[in-house]
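As the structure lists them, so they are numbered: ligands from 1, and atoms in each ligand from 1.
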Amino acid sequence: MSPTSIKTSILPPTVENLDLIATWLREGNVAAIPTETVYGLAANALDIAAVRQIFAIKNRPFYDPLIVHVPDAETLFQWTEIDEELRKTVHSLLEAFSPGPLTYVLPKKSWVPDIVTSGHATVALRIPRHPVFQEILCRSGCAIAAPSANPFGYISPTSASHVFQSLGGKLRYILDGGDCEIGLESTIIDISHEHIRILRPGKITGEAIQAVWPKKIFLENYSSKNQDNFRPPLTPGMLQRHYSPRTPLYLFSQKSELPLAMERNVARVLLSQEGHQGFRENDFFLSRDGNLALVAKRLFALLRELDDSHAYKKIYCQCPPLDGLGAAIADRLRRAAASSDGG
Ligand code: AMP
Ligand code: MG
């Protein structure tokens with residue numbers, strides 16, 4: 001059977017369906033499941049053939065490692081090979097932020113499959129807090145590798161219908177847990193004894209981590225504030241262009257930077273409706289009052305909607321300042337716009 005001929009079903013998270021998906025995953029298959037960040041394409045992380053299917057369905061290159069989702073701290077530590085001091089540090093971070101949208105990159109046990117880590121000596125681990133994902137971890141008894149359930153490089157899905165739109169026909173089941181609460185991928189940190197490196201900013205901000213970690217924190221690879229610390233991407237998953245709509249995307253910071261007279265087939269996406277004058281029918285607002293949690297939650301859905309409407313030849317989107325959650329939103333926007341501005 002060709003992979004494009006699979007009938008895809010969207011299932012509500014009933015007890016029967018939780019059991020069905022848990023068994024389906026345990027038997028070596030893949031399914032899309034909700035997390036609090038974005039929808040994930042899940043497989044048993046210890047089943048190499050199943051993990052291979054994730055890469056095939058997403059068209060993801062094997063050099064881009066996966067995050068392994070585990071139910072609790074005890075399981076997380078089973079996957080790592082770390083000394084007592086580092087363990088204590090991870091413990092304090094786990095207490096503050098897990099379960100939740102924080103991923104820890106740590107030295108791995110030798111049995112962790114290379115396909116999951118792309119051959120790295122480290123493994124990325126997260127304890128998700130979405131109740132449906134927790135149920136699947138618990139009922140399947142598997143650690144679950146789950147990158148975003150979208151074709152490699154495209155905008156991540158924040159609802160079951162987004163998954164269906166871009167991967168329908170390529171997988172059997174999508175478990176519907178409603179719209180994702182956060183809407184951006186997890187924060188990823190690489191921890192050593194001396195410092196923490198934020199590989200990907202997210203809902204758990206550098207400021208929040210700094211509050212429980214007194215030592216040095218670096219923001220990897222994107223912030224103009226951190227040019228002194230600039231280094232090439234540690235892993236190819238941090239490549240410039242990612243999360244991109246097909247429609248060319250351009251960024252601006254202040255409303256005053258926007259050209260006044262714009263064509264009808266150019267969409268303008270603004271962070272806040274407050275104080276906005278001269279409303280045009282092609283103006284879209286991510287929040288009423290600039291609440292960045294709401295902006296994050298809606299961003300990918302709106303970019304998809306504009307992309308799928310085929311009504312626009314360009315999208316102009318306002319980029320927030322880099323403080324707090326703004327760092328994560330700006331990171332995704334910069335990557336999404338990377339090819340549009342020649343970056
Ligand atoms: P996602 O695409 O959301 O599943 O996130 C996976 C990303 O986590 C990859 O693209 C990498 O940037 C990062 N990652 C995963 N494993 C590692 C690792 N062992 N070392 C460094 N980064 C990693
Ligand atoms: Mg992804």
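- Judged by distance alone, with hydrogens and angles left aside, the side-chain atoms of Lys58 form a donor-acceptor pair with the main-chain N or O of Asn150 at under 3.5 Å.
- Between the Arg304 side chain and the Ile155 main chain, a donor and an acceptor come within less than 3.5 Å of each other.
- Distances below 4.0 Å separate heavy atoms of Leu199 from the following atoms of ligand 1: 21 (C), 22 (N).
- Note: no N/O pair closer than 3.5 Å links Ser148 and ligand 1 by distance alone.
- Under 4.0 Å from ligand 1, the heavy atoms of Val105 that appear belong solely to its side chain.
- Protein N, O or S atom count below 2.8 Å of the Mg ion (ligand 2): the structure gives 1.
- Under the 4.0 angstrom criterion for non-hydrogen atoms, Ile67 is in contact with ligand 1.
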Check against side-chain hydrogen bond (donor to acceptor under 3.5 Å, both in side chains), Ser156 and Glu185 = CA-CA 8 Å; Ser156 295; Glu185 301 81 357; 2.4 Å; yes
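- In this structure a side-chain-to-backbone donor-acceptor pair under 3.5 Å is present from Gln53 to Gly28.
- We find that Asp308 and Arg246 are joined by a salt bridge, their nearest charged nitrogen and carboxylate oxygen being less than 4.0 Å apart.
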Working for side-chain hydrogen bond (donor to acceptor under 3.5 Å, both in side chains), residues Arg335 and Ser244 | CA-CA 7 Å; Arg335 291 177 200 277; Ser244 297; over 6 Å; no
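- Distances below 4.0 Å separate heavy atoms of Pro147 from the following atoms of ligand 1: 4 (O).
- With a 6.0 Å radius and a threshold of 12 heavy atoms from other residues, nucleotides or ligands, Ile48 has its CD1 atom at or below the threshold.
- Atoms of ligand 1 found under 4.0 Å from any heavy atom of Thr122, numbered from 1 in the order shown, are 18 (C), 19 (N), 20 (N).
- The structure places CG of Asp19 at 8.0 Å from CD1 of Ile136, a figure rounded to the nearest 0.5 Å.
- Under a 4.0 angstrom heavy-atom cut-off, Arg60 registers as being in contact with ligand 1.
- Of the possible polar contacts, one joining the Gln318 side chain to the Ser253 backbone as a donor-acceptor pair under 3.5 Å is found.
- Between the side chain of Asn59 and the main chain of Phe152, no donor-acceptor pair closer than 3.5 Å is present.
- The atoms of ligand 1 that sit less than 4.0 Å from any heavy atom of Ile188 are 7 (C), 8 (O), 13 (C).
- Within the 4.0 Å heavy-atom criterion, the part of Arg200 lying near ligand 1 is the side chain and not the backbone.
- With Leu66, Val116, Asp64 as candidates, the residue nearest to atom 9 (C) of ligand 1 on a non-hydrogen basis is Asp64.
- Formation of a donor-acceptor pair under 3.5 Å by the Ser118 side chain with backbone atoms of Phe62 is found in this model.
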